[in-house]
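All ligand and atom numbering here is 1-based and tracks the order in the structure.
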Amino acid sequence: MKTAKRFFCLEGIDGSGKTTQLDMLAAALEAEGYTVVKFREPGGAKISERIRELLLDPSFKGIMSDKAELLLYNAARAQVIKEVIQPALDAGKIVIADRFAWSTFAYQGYARGLGPEMVQRLTEMTCGDCFPELTVVMDISVERSRARTSKRGEAPDRLEQEKADFFERVRQGYLAAARDYPDCVAAINADRSAEEIQKELLALVKARLA
Ligand code: TMP
């Protein structure tokens with residue numbers, strides 16, 4: 001997979017703290033004078049946010065087919081690439097994604113069991129060369145992440161309703177990605193203070209910008 005310079009991504013199971021880390025990272029880079037564009041997946045563009053509503057709607061639990069799910073995540077991605085990511089990278093900005101194609105690898109490929117080959121073929125079609133040069137996985141146990149999400153008090157969306165063994169497979173998918181693609185995926189321990197995690201994350205990103 002060819003990768004795009006200045007394109008970064010944070011990944012992790014729900015409740016891994018990646019969104020907090022992303023905001024801290026963006027602020028730290030902006031303080032150093034970089035222009036940062038950040039977005040969440042699925043989402044980041046109007047059409048992609050509409051697709052997100054379809055994907056996370058709890059009333060489709062047990063109805064949406066695994067392949068429809070896979071294709072919808074890719075459809076949302078194709079749109080945000082065209083509207084947001086590629087123009088920002090062309091303008092020399094830093095792009096940070098809250099999830100991207102490694103989510104599809106871990107959730108649809110590993111946890112749903114569609115397999116890495118199918119996901120990879122589709123990812124190549126959707127992304128081309130527009131793929132993060134570095135993805136950092138916030139690694140945390142399913143138990144710890146569940147304790148965090150249950151504290152939020154919000155009604156769980158369709159994906160969050162999955163059982164612990166689903167998230168265990170997601171976690172294993174991420175760890176396999178870090179093991180098999182060390183050039184562009186790094187897993188870090190997310191069961192630490194936000195400041196400690198941020199220090200390691202920022203160092204990893206800055207090493208790519210040097
Ligand atoms: P979020 O809640 O972190 O914004 O992500 C939405 C949910 O969608 C989350 O449970 C992970 C899941 N997801 C996939 O299953 N495949 C994907 O490709 C992406 C981007 C997210």
**Prompt:** How would you list, by chain and number, the residues with a heavy atom under 4.0 angstrom from ligand 1?
**Reply:**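 Shell around ligand 1 (4.0 Å, heavy atoms): Asp14, Lys18, Glu41, Pro42, Arg52, Leu56, Tyr73, Arg77, Arg99, Ser103, Thr104, Tyr107, Gln108, Leu159.
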
Ignoring hydrogens, what is the shortest heavy-atom contact between [X] and [Y]? Give both atom names and the distance.
X: Ala190; Y: Ile140; answer: O-CD1, 4.1 Å
X: Ala68; Y: Ser65; answer: N-OG, 2.9 Å
X: Arg112; Y: Gln108; answer: CB-O, 3.2 Å

Cut-off 3.5 Å, no hydrogens considered: what does the side-chain donor-acceptor table look like for residues 2-10, sequence neighbours left out?
from	atom 1	to	atom 2	distance (Å)
Lys5	NZ	Glu133	OE1	3.3
Lys5	NZ	Arg208	O	3.4
Arg6	NH1	Gly92	O	2.9

**Message:** So Glu69 and Arg158, do their side chains get closer than 4.5 Å, heavy atoms only?
**Reply:**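 A side-chain contact exists here, since the closest heavy-atom pair is under 4.5 Å.
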
**Item:** Side chains of Ser145 and Arg171, donor plus acceptor under 3.5 Å
**Value:** no

